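What follows is one structure encoded as structure tokens, with my remarks underneath.
Model, not experiment: these values are computed from the prediction. Just so it is clear: chains get the letters A, B, ... in the order the sequence lines come, proteins before strands, and each one is counted from 1.
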Amino acid sequence: CDPEYYRWNQWFFLKMLEKGLAYRKKAMVNWCPECGTVLANEQVVDGCCWRHESTPVEQRELDQWFLRITAYADELLADIPKLEGGWPDRVLAMQRNWIGRSEGAEVDFGVEGSREKIRVFTTRVDTIHGATCVILAPGHPLVKSLAPAAAQPAIKAMLDSQARKDPADVEKVGIATGAQAVNPYSGEKVPIWIGNFVLMGYGTGAIMAVPAHDQRDFEFCKQYGIAIRPVIRPADGRLSDAAELREALPDDGIVENSGEYSGVPSADARTMMSERAKRQGFGEAAITYRIKDWGVSRQRYWGTPIPIIHCPVDGAVPVPEDQLPVELPLDIKITGKGRSPLENVPEFVNVKCPRCGGAAKRETDTMDTFVDSSWYFYRYCDPRNAAAPYDPKKVAYWFPIDQYIGGVEHAILHLIYSRFWTKMMRDIGLTTVDEPAKRLFTQGMVIKDGAKMSKNKGNVVSADEMIDRFGADTGRVFELFAAPPEKDVEWTDSGAEGAYRFLGRVYRFVTRNTDRADQAATVHQSEADKKVIRKLHQTVRKVTSDFETRWHFNTSIAAVMELVNELYAGEADLTPPVLAEVLEKLTLLLGPFAPYVTQEMWEHMGRAGLVFKQTWPAYDDELAREEGAEVVIQINGKIRSKITVPFGTERIVLEQVALRDDKIQPFLEGKQIVKIVIVPDKLVNIVVKG
RNA sequence: GCGGAUGUGGCGAAACUGGCAGACGCGCGGGAUUUAGGUUCCCGUUCCCGAAAGGGAGUGUAGGUUCAAGUCCUAUCAUCCGCACCA
């Protein structure tokens, strides 16, 4: 609710209004009765509200503000390849799917005995001679005039059922209107139906049904006894007979029974027919998207006020820029009754029209909070700028984001809105980047009893309870150790106990050896010292590399566990200076995973300051090196012996040693050596036969 | 239906570049400490045969490439996730 951030949200809104990217229209919108507000399409999950997962969303017709994300649909899709490799495939697939670009054609069917036209969208205009009926969505504008009065109650029921996204709607239901449509290519008359599976919200709200080549149409026409007529012949086969068809044949082939188009390959026919529609004025090639404009009006208090004043004379008038920000009144009553609480604040609502000065009313809807999250990370670069959302130069220095982290649940919410917002800002000259983030990492969730654990639900293992039992460090170590962070992890008490045991093991080792540790002592290194130093440097290297590259902290923690196991094994023989190095580095290595217990260890060791402010421990490749290379000796790819040799041992030496090996000899008796493959420091594979 | 991902011990997983499958942990079995339980410490634990040494099999399934495949290729099955009468 920072008014300065609201100011820039409102500024963006006015910019978009200027450019036609923000607009107001009356539309059927999603309504969550629990929230008492409208929701964007992206915020409806399985027909329910994204925040109330068991509350079905209703449809209401309301005047609402929209942002024209569809103006960027093509670019949002076309730029997805730029994100490949950096973003998870899953997220990109979801976005591609959500944008739902579909190439085809729109053509007008005439209505027999009327001047009306029914425009249909199809991806298969090449099959139009096989269209045996036209089906309207129950909400189609022509339904009222074409269908008989007697059918109106059934149509109303169909409409309601669609609005509820009724699961029973898997059954196809049709109502014949009795009217006839005229095929613009052939002049053929076909019946006009109303179908529950045709959606007003996609394409034109009307389809041509080609039952021979579309499975849905096939099922519908079969059910209602409507003619089925194949018009596509497979390139290497014959045209099917309608009577023998048991399912639709949706593939491309050669167009047949289609007048002048007969004999033309499907793809060519689509082009030719779209061109003809355009030439003769009854249609054109068309692209349809599944994505809809972003409805941003919310009937909530908590959000950026939409900077508009409704004047009876001048209509919707933008608040002049110098009057921004429109601030939220602080003295309000939250009723939860489904209208913005701002409506009940007269001082907020009653204003003068900026254009004519007459009495006017302020818009009381606020913006979707996803507006705020669409560009906050740009503001981070210049958070106190009072003259602009930010200085483009500062953003040019930092952007694009190298690594963004978030949950996959935002794949088609925040992550598509923020891509849109970036492109919009680019087009008004605020940034030069096309995409906000080069790389995206989607972390997994903590699962409990098979369901996702989240604060929006009740099934959380309470953090307090977990902290009481084990401490916060244990919770963190358990989660990081259970699986790599992109995977979901199931919370288990026994797993948490394991993490707790491990931290206890570390703590006991450090505290009981603190007094023995002495960096300055000069003593001879023991055998245990050598092993531990090697392991220590290997561990630092391993953990460092996990942080720098793949973030698989489960293997980092496993490596530290291995180190601790070795410390326990050699504990009695470790000398003071080695202990000093081990204690310090072990503490620092675990610091990011277990900040509390490591801080306690740090202080127990008499060290000053905070662990997380220390320099990350260094490692030495020389010290991390194994004493010798363990080389595996294989016969025909099966391991038969292992030897240890100095690093860099010559191939010829390896071969000699392998052939003389006691365990190898018996396998060579009476056999012919075909080939010897040698990988220095790794293996010798002797290929024999006979 | 379309799209994406994943299949490795009893379980979570590891194997990063084609080169020792199962690191590490959970669980389980055994031992030490303890009056006992718990804690802690140690040992064992992929499966099959074997007292052991050792041998055989093994990364969903079936093929292929290679001296060598969990890893690459082809087909197939299963599971999970997303979208879905999208025309």
Hey, does the side chain of [X] come within less than 4.0 Å of [N]'s phosphate (OP1/OP2), counting only N and O?
X        : N      : answer
A:Tyr568 : B:rC41 : yes
A:Lys682 : B:rC20 : no
A:Arg550 : B:rA15 : yes
A:Asn554 : B:rA14 : yes
A:Lys638 : B:rA57 : yes
A:Arg508 : B:rC41 : yes
A:Arg96  : B:rC2  : no
A:Thr288 : B:rA87 : no
A:Arg541 : B:rC16 : no
A:Lys675 : B:rC67 : yes

Between [N] ([atom2]) and [X] ([atom1]): distance, integer Å:
X        : N      : atom1 : atom2 : value
A:Ile639 : B:rG58 : CD1   : P     : 14 Å
A:Leu563 : B:rC24 : CG    : P     : 13 Å
A:Phe478 : B:rC11 : CZ    : P     : 17 Å
A:Lys487 : B:rU79 : NZ    : C1'   : 13 Å
A:Lys535 : B:rA23 : NZ    : P     : 13 Å
A:Phe547 : B:rC16 : CZ    : C1'   : 17 Å
A:Arg101 : B:rC2  : CZ    : P     : 21 Å
A:Leu92  : B:rC83 : CG    : P     : 16 Å

For [N], which nucleotide in any strand shown is its Watson-Crick or wobble partner with both distances under 3.5 Å?
N      : value
B:rU79 : B:rA5
B:rA68 : none
B:rG37 : none
B:rU46 : B:rA57
B:rG18 : none

Any base atoms under 4.0 Å from [X], or only sugar-phosphate, or nothing? Heavy atoms, all strands.
X        : answer
A:Arg640 : sugar-phosphate
A:Asn565 : sugar-phosphate
A:Gln215 : nothing
A:Val679 : base
A:Val198 : base
A:Asn685 : base
A:Lys172 : base
A:Pro88  : nothing
A:Gly100 : nothing
A:Ala93  : sugar-phosphate
A:Arg505 : sugar-phosphate
A:Arg290 : base

Donor-acceptor pair between [X] and [Y] side chains, under 3.5 angstrom:
X        : Y        : result
A:Glu571 : A:Asn513 : yes
A:Asn196 : A:Ser161 : no
A:Gln538 : A:Arg625 : no
A:Arg505 : A:Asn565 : yes

With a 4.0 Å cut-off, would you call A:Arg119 and A:Glu284 a salt bridge?
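So A:Arg119 pairs with A:Glu284 through a salt bridge.
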Regarding A:Asp661 and A:Arg640, does a basic nitrogen lie under 4.0 Å from an acidic carboxylate oxygen?
no
Pairwise [atom1] distance for [N] and [M], with rounding to whole Å:
N      : M      : atom1 : result
B:rG58 : B:rA62 : P     : 10 Å
B:rG25 : B:rC77 : P     : 40 Å
B:rG44 : B:rG38 : C1'   : 22 Å
B:rG9  : B:rG54 : C1'   : 22 Å
B:rA53 : B:rA36 : C1'   : 41 Å
B:rA51 : B:rU61 : P     : 30 Å
B:rG31 : B:rC49 : C1'   : 27 Å

A:Lys292 atom NZ, over 12 foreign heavy atoms within 6.0 Å:
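Yes, NZ of A:Lys292 has more than 12 neighbouring heavy atoms, counting only those of other groups under 6.0 Å.
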Do other residues, nucleotides or ligands put more than 12 heavy atoms under 6.0 Å from the CZ atom of A:Arg541?
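Yes, enclosed.
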Is a donor-acceptor pair below 3.5 Å formed from side chain A:Asn97 to base B:rC83, judging by atom type as modelled?
no
For B:rC20, does the base pair up with any side-chain atom of A:Glu630 as donor and acceptor (N or O, under 3.5 Å, distance only)?
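A donor-acceptor contact between them is present.
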Donor-acceptor contacts, no H, no angles, side chain residues 645-659 of chain A, under 3.5 Å, sequence neighbours left out:
residue	atom	partner	partner atom	Å
A:Thr649	OG1	A:Pro646	O	2.5
A:Arg651	NH2	A:Ile678	O	2.8

On RNA chain B, does the nearest nucleotide to A:Ala558 precede the nearest nucleotide to A:Ala483 from the 5' side, or the other way round? Give the residue.
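Upstream on the strand: A:Ala483.
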Residue mapping more 5' on RNA chain B - nearest nucleotide basis, A:Arg90 or A:Met208:
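Nearer the 5' end of the strand: A:Arg90.
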Output the single nucleotide from [options] whose closest atom is nearest the side chain of [X].
X        : options                : value
A:Leu683 : B:rC20, B:rG19, B:rA87 : B:rG19
A:Phe667 : B:rG55, B:rA14, B:rG27 : B:rG55
A:Met94  : B:rA15, B:rG12, B:rG82 : B:rG82
A:Asp89  : B:rA5, B:rA87, B:rU40  : B:rA5
A:Pro484 : B:rA13, B:rA87, B:rG25 : B:rA13

Assign B:rG27 to syn or anti; the rule is syn for a glycosidic angle within 90° of 0 and anti otherwise.
anti
So that I know where these two stand, are A:Phe197 and A:Phe220 an aromatic pair - ring centroids less than 6.0 Å apart?
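Yes; A:Phe220 has its ring centre under 6.0 Å from that of A:Phe197.
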